[in-house]
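When a ligand or atom number is given, it counts from 1 through the structure's own listing order.
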Amino acid sequence: MASFPQLTLYRANGSCAFIPHSVLRELGIPFTAVRMTMGAGGLWEAADGTLSHAEYRRTVNALGVIPSLKVEEADGAVAVITEMPAVLTYIASLAPTAGDAQHIAGKTAVARALAVSWLAFLSGQLHGRGYGALWRPRRYVDGARYPDAEKLVIAGSRVSIAECYALIEGRLPAADAGFALGTLETQPSLVDFNVYLFYRWGVENGFAMDTYPRYTRLARAMETRGSVKKAIEVEELDFKFPV
Ligand SMILES: N[C@@H](CCC(=O)N[C@@H](CS)C(=O)NCC(=O)O)C(=O)O
């Protein structure tokens with residue numbers, strides 16, 4: 001029986017923390033979760049009132065964002081892992097069997113590097129640059145003083161998000177099989193869980209996701225997995241491909 005450190009995932013329903021949430025379930029790694037909600041001013045705090053935003057920043061994540069993963073080792077060592085690529089690659093390193101590790105992180109050095117390349121692109125370009133500007137345009141421009149400039153930031157973010165979706169479509173396997181790391185893959189990797197969440201956001205934010213056939217096939221396949229279904233239920237989300 002594999003033994004794991006004690007893990008605490010700071011997550012919010014429907015947020016990008018869905019990705020580590022579903023990967024932990026996929027690998028059957030035990031964890032507890034602290035559910036966060038947006039409090040005053042759009043800042044994360046614990047839904048049960050046990051952690052204010054200021055306390056979260058002070059003790060867990062200095063940027064005040066989610067996901068964060070607290071790791072408590074048997075010898076008492078404690079670390080908090082932040083930033084999606086680090087959180088996901090750390091979880092992959094806990095895969096209970098060698099076979100699981102190969103599927104989730106990549107079978108070869110090149111596949112593992114390609115997986116990290118995907119994760120960096122998804123976090124930096126699509127999430128940070130794209131959705132960051134769409135949802136928080138005032139990080140880029142003082143919208144109260146320059147409302148037209150704010151509209152331009154939002155319009156520009158939609159263009160860059162759509163460009164990312166087109167890039168994802170182009171990078172996914174063309175054949176009616178496989179996962180993001182290749183047509184021969186029989187199990188999803190970190191990349192597939194990651195792109196699934198962004199597919200959901202695309203649907204929810206009015207992007208024409210049905211114009212990406214490879215991506216749509218992959219998202220549909222991901223949504224049939226027990227781990228993803230369970231994360232959807234726990235987070236009280238809808239199914240994008242209801243049966
Ligand atoms: N660079 C961080 C970004 C995480 C992030 O932006 N998470 C969103 C939730 S999906 C968030 O906490 N947003 C609140 C904010 O930006 O203040 C990562 O990759 O983990």
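The cluster map of Ile, Leu, Val, Met, Phe, Trp and Tyr, joined by side-chain heavy atoms under 4.5 Å apart, puts Leu24 and Ile81 in the same cluster.
The number of heavy atoms from other shown groups lying within 6.0 Å of CZ (Arg129) does not exceed 12. Around the CG atom of Leu184, the shell of radius 6.0 Å holds no more than 12 heavy atoms that belong to other residues, nucleotides or ligands.
When only modelled atom types and interatomic distance are considered, Tyr196 and Glu223 share a side-chain donor-acceptor pair under 3.5 Å.
Sorted by first and then second residue, the salt bridge (Lys or Arg N to Asp or Glu O under 4.0 Å) pairs involving residues 10-27 (not counting sequence neighbours) are Arg11-Glu235, Glu26-Arg225.
Near ligand 1, residues Ser15, Cys16, Trp44, Val65, Ile66, Pro67, Glu83, Met84, Ser123, His127, Arg136, Arg139, Trp201 come within 4.0 angstrom through at least one heavy atom.
Side chain of Trp201 to backbone of Gly14: a donor-acceptor contact under 3.5 angstrom is found.
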